[in-house]
Amino acid sequence: MKIFNTLSSQKEEFLPQGSEVRMYVCGITPYSDSHLGHAMSYVLFDAIRRYLQFRGYRVKYVQNITDIDDKIIDRAARLGISAHELAGRYTDAFFEDMKALNVLPADVYPRATEEIPKMLEIIQGLVDKGYAYPAESGVYFRVRNVPDYGKLSNRTIESMEAGIRIESGEEKEHPMDFVLWKAAKPGEPSWASPWGPGRPGWHIECSAMSVRYLGETIDIHGGGQDLIFPHHENEIAQSESFTGKKPFARYWMHNGLLQLGEEKMSKSLGNLITIRQSLEKNTADAIRIFVLGSYYRSPLTYSEEVMEAAERGAERLRQAVRDETMGTGMEKDAALIDVESFRRRFIEVMDDDFGTAQAVATLFDLAREINRERDAGHNAVQARVALSELARVLGLTLKPPERPFLVAEPFIELLIATRRELREAKQWQLADNIRSKLAEVGVLLEDTSKGTIWKAKR
RNA sequence: GGCGACGUAGCCAAGUGGUUAAGGCGGCGGUCUGCAAAACCGCUAUUCACCGGUUCGAAUCCGGUCGUCGCCUCCA
């Protein structure tokens, strides 16, 4: 298996340290609803995790929740609630979104506010070793003591100095130094520390959680490309300085960013589509096909049209696995489909840095084979089982979408029965009328050899 | 300005030195159907932004030009 490692800028053979893959993916800051950019990242890493398990690895997956930061504090103050309450609310919403997207839960979701002791331990260690220094406004990391600072984002301290503006009142020894511990301002939530009451800086939590739950060297560290600098660069600097062990993470994986129109979809720009908005119009399978239909390191542009295409594709796969359309008198599997070759192809493309786009294409090809056999009167059971199984590795359920007409179902069935009688009496006009009227209210009928089936139009 | 990514059919998107350039959506024609839908079959890029170069051979490597995007500040 090969993985593109941001650290080396090339594909490397994946060799985990042990039988259990230790994986850390940067999580959210819960101050508003999560958007499709988040969905992209977490769907991807979910697929990676599922694939590693499919290949026989045990995986320990940790994802942090940054439940204290400037934006949470600001937003909570404006709403007149506590930062804790606000963060809790959006963390719950995030979990709901993930569940709806069929993202498997992480093994641990550590929250920043619950990991303060470990952070203080690391900060103290960094101070003791001379990698950090306290000042009035907080404790800072001394970037110049790290000779290889910039190795992940491919930049040097010198090259960055040019564009840096030094703000007045800065207490930092060097403009690139970053804060580990922020001294509390009046009215802000704070925790006691040897340097006075305060709260953690942004990067320290990931180091603390990573080390605590996964050890000093982890296998895979993932996140969006927007985190490469400064977040992951600083994580490396502080973690490796603290533990004295390199590398902090053996494989750094970064997904490309979701674009909306001409720009990146992001909270700060405000041009976003939330996961729940998207789920109102599209199924989770469609969103996953949209995300996994291209190479994860490339940027992906959202549009209604592309989502619609993904939805139709999802429907096509569902059609192939469902058995309502299979006749009862069909021959069972004449072993006409070489299921193993599809499985091999799936593994081959996924082994090459998680080629999900080609994996999805493999699913479509298998679906076509299944449909072809069905048309020829063969019930390709094994192939359909394989399609479901491989789809599940990508987190696709291929289950029919929820039918939103629960109460109306008996009436729909009644209309279908009436229409059947009309068709038997060759009252085509009336029968067609029922079909088109139902279509107008979002119920699509299909007359198959086994009878009429219906589905809800999304 | 520095670092990085990218430009493949109407749209999305694989492929990164050598058989007919994956797959999805859309479109057109056909099969099936009372008609549809779904499904299947066929067609839909002699060509991979442009210009040079290397090579027996390049979408794939090198140089240049044009264009798009990201990061360098909070962000998946």
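Computed from a prediction, not measured in an experiment: that's the story for all the values here. Naming: A, B, ... by sequence-line order, numbering from 1 per chain.
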request  = Could you check which of A76(B), C40(B), C74(B) has an atom nearest any side-chain atom of Asp375(A)?
outcome  = C40(B)
remark   = Note: for Ser294(A) and Ser41(A) on RNA chain B, the residue whose nearest nucleotide lies more 5' is Ser294(A)
key: Paired nucleotide for A59(B) [Watson-Crick or G-U wobble; both distances under 3.5 Å]   = none
message = Does this structure show an ion pair linking Arg312(A) with Glu305(A), if we count only N-O contacts that are shorter than 4.0 Å?
response = no
key: Side chain of Asn371(A) - closest among C69(B), C71(B), C40(B)   = C40(B)
query = Do the side chain of Glu421(A) and the main chain of Thr418(A) share a donor and acceptor less than 3.5 angstrom apart?
reply = no
request  = Between G30(B) and A45(B), how far apart are the C1' atoms? Round to whole Å, please.
outcome  = 23 Å
task = Let me know the distance between CG of Leu430(A) and C1' of G34(B), rounded to the nearest Å.
result = 14 Å
remark   = Here the distance between atom P of U73(B) and atom NZ of Lys71(A), to the nearest Å, is 14 Å
inquiry  = Quick check on salt bridge (charged side-chain N to carboxylate O under 4.0 Å, His left out): which of Arg288(A), Lys281(A), Arg318(A) does Glu311(A) satisfy it with?
reply    = Arg318(A)
request  = Look at Arg322(A) together with Glu446(A) and state whether they make a salt bridge at an N to O cut-off of under 4.0 Å.
outcome  = yes
Among A14(B), A38(B), A76(B), the one nearest Leu227(A) by side-chain distance = A76(B)
request  = From the options A14(B), A39(B), G34(B), select the nucleotide whose nearest atom is closest to the side chain of Arg374(A).
outcome  = A39(B)
key: N/O donor-acceptor pair under 3.5 Å between Ser436(A) side chain and Asn433(A) backbone   = yes
request  = Measure from the side chain of Arg372(A), starting at C-beta and using heavy atoms only, and say which of C72(B), G34(B), C41(B) lies closest.
outcome  = C41(B)
request  = State whether the distance check finds a donor on one side and an acceptor on the other, under 3.5 Å, for side chain Arg435(A) versus base C35(B).
outcome  = yes
task = Give the nucleotide from the list C71(B), A39(B), A76(B) with an atom nearest to the side chain of Gln319(A).
result = A39(B)
note = Contact string for nucleotides 17-33 of chain B, one letter per nucleotide 5' to 3', B = base within protein heavy-atom range under 4.0 Å, S = sugar-phosphate only, - = neither, reads -----BSSSS-------
task = Determine which nucleotide pairs with G7(B), using a 3.5 Å limit on both distances of a Watson-Crick or G-U wobble pair.
result = C66(B)
ask   = Between Arg250(A) and Asp219(A), does at least one N-O distance fall below 4.0 Å, as a salt bridge requires?
value = yes
ask   = Does the gap between the ring centers of Tyr90(A) and Tyr31(A) come in under 6.0 Å?
value = no
key: Per Val306(A) side chain, nearest of listed nucleotides A76(B), C12(B), A39(B)   = C12(B)
query = Any side-chain N or O of Asn154(A) under 4.0 Å from OP1/OP2 of G4(B)?
reply = yes
message = Nearest whole Å is fine: how far is G4(B) C1' from Asp226(A) CG?
response = 14 Å
remark   = The Watson-Crick or G-U wobble partner of C48(B), with both key distances under 3.5 Å, is none
